[in-house]
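Both ligands and their constituent atoms are indexed starting at 1 by order of listing. Computation of the quantities below employed the complete heavy-atom set of this structure, encompassing side-chain atoms and omitting hydrogens, waters and symmetry-equivalent molecules. Numbers here simply count residues along the sequence, with the first being 1.
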Amino acid sequence: MSNKELEMLRDRIDELNLEILEKINERANLVQKIAQTKVTHGAHRYDPVRERKMLDDILAKNDGPFDNATIAHLFKQIFKAGLQLQQEDDSKALLVSRKKKPEDTIVDIRGTKIGDGAPKFVFGPCSVESYEQVAKVAESVKAKGLTLLRGGAFKPRTSPYDFQGLGVEGLKILKRVADEYDLRVISEIVSPQHIEEALDYIDVIQIGARNMQNFELLKAAGSVKKPILLKRGLAATIEEFINAAEYIISQGNDQIILCERGIRTYERATRNTLDISAVPILKQETHLPVFVDVTHSTGRKDLLLPCAKAALAIGADGVMAEVHPDPAVALSDSAQQMDIPQFDEFYKSILESPYVRA
Ligand code: PEP
Ligand code: MN
């Protein structure tokens with residue numbers, strides 16, 4: 001073959017490349033168009049029967065030089081890329097996505113605004129144990145000019161023999177303390193049937209890490225008019241976390257605070273591994289405010305302050321930490337809760353950090 005002929009063949013290959021490019025993009029455009037009608041009809045994106053038929057039709061026409069297995073493989077890649085394109089379109093269309101709504105969502109907890117640019121704090125015991133116990137923490141929270149108090153009434157414990165919380169009795173204690181100290185209270189609800197009941201007692205419904213993918217609970221939380229604090233699952237990816245929030249917002253409730261609380265890794269130095277980079281990712285990908293729970297992520301009192309500072313420095317809208325008047329006798333998470341003097345010291349140091357304008 002002469003050099004000239006070789007060059008011509010290469011030119012033809014270049015042309016064919018561009019034709020293939022044009023064709024696969026033309027195909028992608030059609031795929032997107034079909035995807036849009038499928039959304040309006042609520043149909044499944046992936047259609048194996050249709051894919052099988054397309055492959056069979058193609059292979060029936062194949063006279064080589066590629067064998068059928070190679071052609072099937074190549075077209076499978078094209079089909080897969082089309083499906084991925086649809087999925088990307090899906091995530092752009094998520095109601096929680098920043099692409100859908102560029103401006104920040106501000107969660108309004110009876111006047112306390114989460115996500116308005118000023119960091120907010122949630123302190124309180126792991127579990128509600130008694131009126132006196134909660135009131136002591138409330139007093140200390142109030143004295144700092146803070147408005148948010150936490151306390152678990154329904155405790156999802158690893159062991160069924162551990163303290164399970166006071167249940168509705170605990171919610172009643174929180175309500176009494178909230179009224180007396182003019183605070184807003186956050187408490188975890190673990191079952192859809194308690195969502196309605198909880199509305200009378202608490203200001204924010206927390207959905208805990210162990211329930212992040214309890215879809216019936218998420219739907220129930222989405223159907224009420226009450227702010228939700230959604231914690232990231234123990235082993236949930238950011239995408240799964242965002243989709244859990246989507247379950248809530250898709251039912252009509254956009255008052256959602258996302259809370260990074262550490263994920264399970266092989267590291268044993270901390271109780272969980274605080275995924276600090278999740279904060280800016282969640283802020284970029286969604287319009288929802290983001291909190292960091294420094295207690296459950298670290299499980300270590302010596303790390304509460306540096307991690308809280310890191311959280312605020314990286315753009316978190318607030319920090320959660322556990323405080324108990326006498327952690328040594330706490331019925332849950334005894335080792336990791338601050339006592340009141342430690343709480344005072346912690347909060348004083350936080351206020352001195354450059355990321356907080358009180
Ligand atoms: C809690 O905040 O009380 C709690 C149990 O946390 P998590 O669900 O993140 O483990
Ligand atoms: Mn706890």
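The N/O atoms of Ala209, backbone and side chain alike, include one that comes under 3.5 Å of an N/O atom in ligand 1. Taking only nitrogen or oxygen atoms, main chain and side chain alike, Arg261 reaches within less than 3.5 Å of ligand 1.
Checked options Arg271, Lys301, His324; the residue passing with Gln336 is Arg271 (criterion: side-chain hydrogen bond (donor to acceptor under 3.5 Å, both in side chains)). The side-chain contact (heavy atoms from CB on, under 4.5 Å) test with Tyr131 singles out one residue from Glu180, Lys172, Lys136, and that residue is Glu180.
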The test is side-chain hydrogen bond (donor to acceptor under 3.5 Å, both in side chains); show your working for Ser97 and Lys101 and say whether it passes. CA-CA 6 Å; Ser97 76; Lys101 175 176 177 271; over 6 Å; no
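If you check each of Arg150, Arg271, Glu260 against atom 2 (O) of ligand 1, the one with the closest non-hydrogen atom is Arg150.
Gln133 places a side-chain N or O within 3.5 Å of a backbone atom of Glu129 that can act as its donor or acceptor partner.
Taking the Mn ion (ligand 2) as reference, the nearest N/O/S atom within Asp333 carries the name OD2. Its N, O or S atom nearest to the Mn ion (ligand 2) is what matters here, and for Glu322 that atom is OE2.
Nearest heavy-atom pair across Pro289 and Val107 is CG-CG2, 3.6 Å.
Taking the six-membered ring where the residue is Trp, Phe121 and Phe123 present parallel rings, their angle staying beneath 30° rather than reaching 60°.
At least one heavy atom of Lys155 sits closer than 4.0 Å to an atom of ligand 1.
The shortest contact between atom 6 (O) of ligand 1 and any protein heavy atom is with Lys231 NZ, 2.9 Å.
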